[in-house]
K.L.:
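Here it is, the structure in full.
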Amino acid sequence: MKKVRLLLFGFGVIGRGFAKVLLEKSEYIKKKHGVELVVVGVGEYNGALIGDPVDLKAAVGLREKGQWLDKHPQWKKVLPKELIEKVSADIAVEMVPSDIKTGEPGAGIIEAALARGLHVVSSDKCALANRFIGLRSMAAKKDKWLLYEASAGGGMPLMNLARECIQADTVLSMEGILNGTTNYILTKMSKGGMDLETALREAQELGYAEKDPTYDVEGIDAAAKAVILANDVMGWDKKFSDVKITGIMGITKEAVQLARKNGYVIKLIAEIKDDSLSVGPKLIPENHPLNIESNLNAVMFKTDVGRDVVIVGRGAGGRETQSAIFSDVLRICKDL
Amino acid sequence: MEDCKLEIKLADRPGELSKVLDIIAKNRGNLFAVSHIREGAREGRVPVVIQFQAIQVDFNSIVSDLEKAKIEISEKLVGGVEEAGVEQEFILIGHVIDTDIKDTIYGICDKDVMIKSLDISLKSLKDPSSVFTEISAKNTKAMTTSMAKLEAIAKKKKLLLITGINST
């Protein structure tokens, strides 16, 4: 049985999700893929768990009781970059929430891991949207994998689909819903007759929106994901500042109802086409494949051979996102 | 694949035709005939009819690339049918009435672009209004020009413009 050692970075919703799915599926993974995934380190901003293996069950238990990892018996005062230096591993799984303006601390962790000769899997859209080209070329120079399916589209296989399933096609454009929070809000305004403030409050109560929903409602989250998709799938060289962004805060209940009366819905759509990137509200015919409801995401690829390909799925969520992260980790394991 | 025909007016100098053919080839057009209409030459420009096969999306790219290369297209046909008029819908949100809706409408219409329908929703006089509009244009170029004007007007009047997903 091949043993693959992992360093995890970040133990928030996504990091804990990884630990839980690994606890649940490690036997299945061994049986199906012939790989034993062993977590040998969990890095947080102020310290780390180190062990072979790290007791993930205890770590998850602590966080679910609202306690920090410093209560864990394997806790050490070791910062993320020291953890990379100190502990031998094969793959770094970076799941840190980074700053959209700088991409840090995630980008720095990815760089340090690649420099140390680790393969990297990342779910960190902010790190990638800011430093995509630099990180990708560093991975290429080091001859290491850098995979990031979870960073754009969560549980939807978008980049893997483009890479593996439509290999003869030229992707001409991509457009879609890349943010579940705004889709939930706009669905409630269209179907439930709510105004934006009420729908946003409901999304917050259900945990679909953060207390500070700025990244979602201003289109920032969707824009970061659009940059990653444009650079990866289309092979462009775009930065976050290249995206023309309009949020949903100006949309009134009356406008949504007017659209509906005329056979349309309003959705926050990311458009990747004609060498330009935009995120903004768009009118969608009610029978259009991108008219999906609730907090779902959907992306339509337009290609020269297969024509239109549409993927619908969960764009976020601690568990759903693991589908993409594990897919990347297991892809790398095939080469180890 | 559709049968496509373009009539263009080319400057009568070497290299002009090859520029056009390169654009068609780059966009996967399958060329089968090129005819110069010498007797139609005017002011140093010669009409040229080019026939090829392409899928609609590639035909659109060919037209767009030719326009970017500043090549005048006088006629375009796909599947033996002249390019139909195009339609577009949009919503404006904000003080659409207060910022002179008539001026907004006149600003985007001309001989090739007209308003098909207008639907207004107004909660109260002091609240922002919403206006759903359908416009039609003679061709894609006229629509693109009109939508660019609309975007500029919306920005100037601080109105939120929501266009259709495949707007020009």
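Order of the sequence lines fixes the chain letters, A, B, ..., with proteins taken first and strands second; residue numbering starts at 1 for each chain.
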K.L.:
Quick check: closest heavy atoms across B:Phe132 and A:Leu258, and the distance to 0.1 Å?
P.N.:
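Closest approach of B:Phe132 to A:Leu258: N-CD2, 3.5 Å.
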K.L.:
Look at atom CE of A:Met194 and say whether more than 12 heavy atoms of other residues, nucleotides or ligands are closer to it than 6.0 Å.
P.N.:
yes
K.L.:
Among A:Thr246, A:Thr252, A:Asn262, which residue forms the greatest number of heavy-atom pairs with chain B at distances under 4.5 Å?
P.N.:
A:Asn262
K.L.:
Closer than 4.0 angstrom, basic N to acidic O: yes or no for B:Glu151 and A:Lys244?
P.N.:
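Counted as a salt bridge, because a side-chain N and a carboxylate O are separated by less than 4.0 Å.
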K.L.:
Is A:Ser173 close to chain B through its backbone or its side chain, or both, or neither, when contacts mean heavy atoms under 4.5 Å?
P.N.:
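When you check distances to chain B, no heavy atom of A:Ser173 falls under 4.5 Å.
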K.L.:
Check B:Ile162 against A:Pro281 and note the closest heavy-atom contact, atom names and distance.
P.N.:
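Smallest interatomic distance, heavy atoms only, reads CG2-O, 3.4 Å.
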K.L.:
Out of A:Leu290, A:Asp304, A:Thr170, return the one with the most heavy atom pairs under 4.5 angstrom to chain B.
P.N.:
A:Asp304
K.L.:
Can you name the nearest heavy-atom pair linking B:Ile165 to A:His288, along with the distance?
P.N.:
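Looking at all heavy atoms of both residues, the shortest contact is CG2-NE2, 4.1 Å.
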K.L.:
With the side chain counted from C-beta on, respond yes when B:Thr163 and A:Lys282 share a heavy-atom pair under 4.5 Å apart, and no when they do not.
P.N.:
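B:Thr163 vs A:Lys282: side chains touch.
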K.L.:
Minimum heavy-atom separation for B:Ser121 and A:Glu254, please, with both atom names.
P.N.:
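Here B:Ser121 and A:Glu254 meet closest at OG-CB, 3.4 Å.
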K.L.:
Got a second to check how far A:Gln257's CD is from B:Lys123's NZ, nearest 0.5 Å?
P.N.:
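It is 12.0 Å, given to the nearest 0.5 Å.
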K.L.:
Let me know if A:Ile266 has heavy atoms under 4.5 Å from chain B in its side chain, its backbone, both or neither.
P.N.:
side chain
K.L.:
Which atoms of A:Asp274 are under 4.5 Å from chain B, going by heavy atoms: the side chain, the backbone, both sets, or neither?
P.N.:
neither
K.L.:
Would you mind checking which part of B:Ile93 comes under 4.5 Å of any heavy atom in chain A, side chain (CB onward), backbone (N, CA, C, O), both or neither?
P.N.:
side chain
K.L.:
For A:Asp216, enumerate each residue passing the salt bridge (charged side-chain N to carboxylate O under 4.0 Å, His left out) test, keeping only those at least two apart in sequence or located in another chain.
P.N.:
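A:Asp216 satisfies salt bridge (charged side-chain N to carboxylate O under 4.0 Å, His left out) with no other residue.
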K.L.:
Could you pull out the closest heavy-atom pair between B:Phe90 and A:Leu283, with the gap in Å?
P.N.:
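B:Phe90 and A:Leu283 have their closest heavy atoms at CA-CD1, 3.7 Å.
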K.L.:
Kindly check if the number of other-residue, nucleotide or ligand heavy atoms within 6.0 Å of NZ (B:Lys9) is above 12?
P.N.:
no
K.L.:
Got a sec, which pairs hit salt bridge (Lys or Arg N to Asp or Glu O under 4.0 Å) with one end in residues 165-177 of chain A, sequence neighbours left out?
P.N.:
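Checked against salt bridge (Lys or Arg N to Asp or Glu O under 4.0 Å) - neighbours excluded - no pair reaches residues 165-177 of chain A.
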K.L.:
Pick one of side chain, backbone, both or neither for A:Lys261, based on which atoms fall under 4.5 Å of a heavy atom in chain B.
P.N.:
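Looking at A:Lys261, just its side chain touches chain B.
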K.L.:
In sequence, state the C-alpha distance, the side-chain angles, and the governing distance for A:Tyr264 and B:Ile91, and then conclude on side chain to side chain contact (heavy atoms under 4.5 Å, CB included).
P.N.:
CA-CA 11 Å; A:Tyr264 292 88; B:Ile91 287 186; over 6 Å; no
